[in-house]
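These notes concern the structure reproduced below.
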Amino acid sequence: MKAPQRIKRTRRQKRIRARIQGTAARPRLSVFRSNKHLFVQLIDDEAGKTLCAVLDGKLSEAKAGEKVGRKVRVAHTLGVLIAEKAKAKGITRVVFDRGGYAYHGRVAAVADGAREGGL
């Protein structure tokens, strides 16, 4: 990522975080997207703790799907997995933090998967 792109994303991220804050009852569902991988976590900002997290590197190839459109399918699967982990901890509602990324592709797939999983 070029420096100006990184600076723009950081600015968007700060604008979003000024309005969004996770609590123990309604944590923040944070998405970090790199070129290869995707990281999703539930964060309680009041306590400053990560409640649970899912990484696409831990996903088996069988769960990930076929090679065509693999990244979006993996993102959807991660959304479902984070929802399962959250429900196991008694969390049913979250605040979605897209992390300065456009709500499109993998980021939107995580949100759709989390909704499908019950968040």
Rounded distance (nearest 0.5 Å) linking atom [atom1] of [X] with atom [atom2] of [Y]:
{"X": "R9", "Y": "R12", "atom1": "CZ", "atom2": "CZ", "value": "8.0 Å"}
{"X": "R98", "Y": "Q13", "atom1": "CZ", "atom2": "CD", "value": "10.0 Å"}
{"X": "H76", "Y": "L38", "atom1": "NE2", "atom2": "CG", "value": "13.0 Å"}
{"X": "D44", "Y": "K49", "atom1": "CG", "atom2": "NZ", "value": "8.5 Å"}
{"X": "R93", "Y": "T23", "atom1": "CZ", "atom2": "OG1", "value": "10.0 Å"}

* Asked: Are I16 and V110 joined in one hydrophobic group, where the rule is that I, L, V, M, F, W and Y side chains link up if heavy atoms are under 4.5 Å apart?
  ->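 Each belongs to a different hydrophobic cluster.
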
* Asked: Does K71 use its side chain to pair, donor to acceptor, with the backbone of N35 at less than 3.5 Å?
  -> yes

* To do: Look at the side chain of Y101 and the backbone N and O of V107, then say whether any donor-acceptor pair between them is shorter than 3.5 Å.
  =>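 Not at all, since once roles are kept as given, no pair shorter than 3.5 Å links the two residues.
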
* State which residues pass side-chain contact (heavy atoms from CB on, under 4.5 Å) with F39; sequence neighbours excluded, sorted by chain then number. => F32, H37, L55

* Residues in side-chain contact (heavy atoms from CB on, under 4.5 Å) with V95, at least two apart? -> I20, R26

* Structure fact -> With sequence neighbours left out, the residues meeting salt bridge (charged side-chain N to carboxylate O under 4.0 Å, His left out) with R28 are D45, D97

* Which pairs, with at least one residue in residues 100-119 and sequence neighbours excluded, count as a salt bridge (charged side-chain N to carboxylate O under 4.0 Å, His left out)? -> D112-R115

Pairs of donor and acceptor atoms involving the side chains of residues 78-89, under 3.5 Å and at least two apart or interchain, shall be tabulated with distances.
{"from": "K85", "atom 1": "NZ", "to": "A53", "atom 2": "O", "distance (Å)": "3.1"}
{"from": "K89", "atom 1": "NZ", "to": "L51", "atom 2": "O", "distance (Å)": "3.1"}

* Going by side-chain heavy atoms closer than 4.5 Å, which hydrophobic residues are tied to I43, directly or by a chain of links? ->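 Answer for I43: none, a lone residue.
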
